[in-house]
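Everything below concerns the one structure shown next.
Everything numeric in this text was worked out from a predicted model, so none of it was measured. In what follows, chains carry the letters A, B, and so on, assigned in the order in which the sequence lines appear, proteins first and then strands, with residues in each chain numbered from 1.
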Amino acid sequence: MAGVGGGNDFQWCFSQVKGAIDEDVAEADIISTVEFNYSGELLATGDKGGRVVIFQREQESKNRPHSRGEYNVYSTFQSHEPEFDYLKSLEIEEKINKIRWLPQQNAAHSLLSTNDKTIKLWKISQRDKRAEGYNLKDEDGRLRDPFRITSLRVPVLLPMDRMVEASPRRIFANAHTYHINSISVNSDHETYLSADDLRVNLWHLEITDRSFNIVDIKPANMEELTEVITAAECHPHQCNVFVYSSSKGTIRLCDMRAAALCDRQSKFFEEPEDPSSRSFFSEIISSISDVKFSHSGRYMMTRDYLSVKVWDLNMENRPVETYQVHEYLRSKLCSLYENDCIFDKFECCWNGADSAIMTGSYNNFFRMFDRNTRRDITLEASRENSKPRAILKARKVSTGGKRKKDEISVDSLDFNKKILHTAWHPKENVIAVAATNNLYIFQDKIN
Amino acid sequence: MINTTECAVDAQSLISISLRKIHNSRTQRGGIKLHKNLLVSYVLRNARQVYMNEKYAEIYRMQQYEEVMTVCNEIQELNPLDLAEDCEEQRGDCCGNGGVSEPASLCCALLPVSQLVAVQSAHMQPPSACSAPLSLQSDEVCKETEPSFYQSCCAEAYPVSNCEFSPVNNLHCNKTTVLDLDTHVVTTVENGYLHQDCCASLQQCCQGAQYSGKKRKVDFEYYISDIEEVPDFTPCKRAKFEDCSYANSEHLDTSNISNLISIFGSGFSGLVSRQADIEQALALNGQFCSKQALSSLGAMTRAIVAF
């Protein structure tokens, strides 16, 4: 079976699943963000309960050469707590909206996690050695009387059980009136941006009491509001360039060298709307839910409700590629509006080589598109396909009247099982797919 | 032009669903989601446009029909025995059966060609005209509580028993200039033919049809004053300590909430404060609230996001 992501013999296999098996899903356990770090060694998830769970890949063992390293829990900590804004009488949710890893600069790992209002920088460090043989204190920590010390010794490092601790090193608060939807670390490794519905702020990682507002689309009269910012990202190589997407389906690329306030974009990406496809919900389905630069920095990808579009940064008037994720939902928009599914914000991601893209859908389906071969595949994250190294079978949704065997009809789709968050290992064909409260890890099986 | 064929849910249902979503969003955890409510307001606007288009088309057809009947009545005076029956039949068909496939042959034969076309089109789509009485009943309730500005033309358009429009009203509707506050498009309606967006012209036309000229001018001035209202506050946009900048700029939000209430008037307060009305509205399939909202949706689609 032809696969997506690398060659005709490529196939995806089940590797692991994390999370409870219970049918009753606690709201707090729903995964709200997934992110690999720069090396792919660590995989972080955030959930609606404000917790962050970090998985670490085990080193490949010689005993089982065919099985890649598995991801096991490395650290778990409570990143955000529910808060209450007394001035506005608003509860601030603890849900983790985004996690972004910082480049590793020493033995410790750092990441940024954010809820609706506050961004935190966490340092995750591990200790697997401890020192013994101090001169000035006993083994239990009590100070020794200096007059009783008759000899000196050099403390030695002894191995201990690995202890991972996460500590909040910076808290970036009180800079956003509206709900934060994005954070993005800049390529200079010193600054990062955060975006809410109407503003984008630029921070320095070391400075918490000050941030620069670089985009402000709030109109003087709120009644004139026509669009909001939905996502923002820094360019992977050019530290002066960033993009932000809007609810109107447009993307603006800004150059911070041009002005302190980047209200005037350098580039404006918009595809003209097809007037024949106009419906009550045209504005909703054109709203961009995610924007991601390619690793090369030459392309960017946007996700709206029904499609994924790849844009060449040098061409503003239309995308270079458009992939339909679940076009069969176009005739169901009324129902999806009633049950609020039309407001779901799907994310998208590139593979390391920028040759394939992945995004989620309903019924625990997720889709992959190979940009070179133009092949696409629909796979399912389910417990039924959870045998180790089981090959994932391609799924198909029948749109016509006659349903073939193994196809599923549109009306049978479970819209409560949605895959909003996916991540692709930066170097290898390993993917992490968040299905409600479970995290599935799939990897390739090279024939 | 919105393609509504794919959607089985009609515009009215969408409006009531959208209003319910906006109402529910106020009690959701985490505060009001600006993005979602903005998108809902777009659906409201689209549904309103379709709804108003349909209503306007109905009224236009009724106008044409009434013109025909007026001519028929005039002709009746010439030959009361022969023509009265035919015209009564046609009128009864339109208002009673809800399904007329043949035009009023005798009346049409006496009409100029342009009016004949209009009458034919009116008769080809009679159900909407005859379904008006059902919506009228809830409109009657709305009429009592709404301020005059917000009355939709549909409330006064055609009582069940009397399908006539006065010639004076027709003259009012012959040429009307309206400024649409959402799109800032100036629309001129001449002889019942629409040049641009018909939503605002529909309101203006029928408000003019029912009220004195002076009052209509007041309505227009209301809209004009709304446009000219320029806030004298400009949000600070320099890089600065965020604490003090937000203390200033967000003051505008709280003052906008009072503007919101004043714009909505009784329609919005009926939606938010009176729980019993909401339950009744939901029982009536949302028609109560939607009717109130429809007439003031020009401000509503913007004001919804002003929080």
Side-chain angles (χ1 to χ4, degrees), chain A residues 82 85 87-93 95 115-116 174-179 181 196-198 201-202 209-214 216 218-230 247 260-261 263 275-284 287 330-331 333-335 337-338 340 342-343 345, chain B residues 1-4 6-9 11 13-14 17-18 21 28-36 38-47 49-50 226 229-243 245-246 249-250 252-254 256 259-260 263 299 301-307:
Chain A
D85 182 340
L87 193 64
K88 296 177 186 167
S89 294
L90 287 178
E91 191 180 1
I92 301 168
E93 278 190 285
K95 175 170 80 93
N115 68 348
D116 283 340
N174 302 322
H176 286 278
T177 307
Y178 301 94
H179 295 152
N181 51 56
D196 65 25
D197 289 324
L198 296 179
N201 291 336
L202 185 72
D209 62 351
R210 201 181 319 171
S211 79
F212 286 91
N213 174 243
I214 53 176
D216 188 339
K218 184 181 175 187
N221 186 359
M222 275 296 275
E223 294 179 1
E224 294 162 5
L225 183 74
T226 56
E227 63 180 336
V228 296
I229 298 170
T230 53
S247 54
L261 186 62
D263 275 358
S276 65
S277 66
R278 185 121 178 82
S279 75
F280 287 115
F281 312 105
S282 293
E283 286 82 5
I284 300 186
S287 175
R330 192 180 286 272
S331 56
L333 293 179
C334 286
S335 319
Y337 179 71
E338 282 185 71
D340 271 2
I342 205 173
F343 300 105
K345 294 181 186 174
Chain B
M1 184 66 183
I2 290 180
N3 179 11
T4 57
E6 289 179 347
C7 189
V9 179
S13 309
L14 268 184
I17 291 168
S18 303
K21 283 187 194 300
Q28 270 173 5
R29 201 171 163 242
I32 296 168
K33 290 176 174 44
L34 186 63
H35 183 202
K36 181 178 176 184
L38 179 67
L39 296 178
V40 170
S41 73
Y42 274 117
V43 175
L44 259 177
R45 184 200 65 174
N46 295 339
Q49 281 176 353
V50 169
D226 206 10
E229 185 189 25
V230 176
D232 53 1
F233 170 81
T234 308
C236 306
K237 289 190 181 183
R238 294 168 310 189
K240 59 185 337 192
F241 288 96
E242 288 296 305
D243 298 329
S245 74
Y246 281 96
S249 59
E250 301 333 307
L252 197 58
D253 290 330
T254 49
N256 272 342
N259 292 338
L260 190 103
I263 287 167
T301 52
R302 294 163 309 172
I304 284 168
V305 299
F307 45 88

[atom1] of [X] to [atom2] of [Y]: how many Å apart, nearest 0.5 Å?
| X | Y | atom1 | atom2 | result |
| --- | --- | --- | --- | --- |
| Ser287(A) | Leu38(B) | OG | CG | 8.5 Å |
| Leu90(A) | Arg29(B) | CG | CZ | 12.0 Å |
| Lys36(B) | Ile284(A) | NZ | CD1 | 9.5 Å |
| Leu34(B) | Asp196(A) | CG | CG | 9.0 Å |

**Q.** Which atoms of Thr230(A) approach chain B - backbone, side chain, both or neither, heavy atom under 4.5 Å
**A.** side chain
Q. Heavy-atom distance under 4.5 Å to chain B: side chain of Ile214(A), backbone, both or neither?
A. neither
Q | Pairs of heavy atoms under 4.5 Å with chain B: top-ranked of Lys95(A), Glu91(A), Glu227(A) | A | Glu91(A)
Q.
Check this for me: does any side-chain nitrogen of one of Lys21(B) and Asp340(A) sit under 4.0 Å from a carboxylate oxygen of the other?
A. yes
What I'd like to find out is whether the side chain of [X] reaches to under 4.5 Å of the side chain of [Y], using heavy atoms alone.
| X | Y | value |
| --- | --- | --- |
| Leu39(B) | Phe281(A) | no |
| Ile229(A) | His35(B) | no |
| Glu283(A) | Arg45(B) | yes |

**Q.** Exercise: do Ser282(A) and Tyr42(B) side chains pair donor with acceptor under 3.5 Å
**A.** no
Q: Taking all heavy atoms of Ala47(B) and all of Phe280(A), pick out the closest pair and write down the distance.
A: CA-CE2, 3.5 Å
(Q) Could you go through Arg278(A) and Asn46(B), starting from their C-alpha distance and side-chain angles, then the distance that decides it, and tell me whether this counts as side-chain contact (heavy atoms from CB on, under 4.5 Å)? (A) CA-CA 10 Å; Arg278(A) 185 121 178 82; Asn46(B) 295 339; 3.4 Å; yes
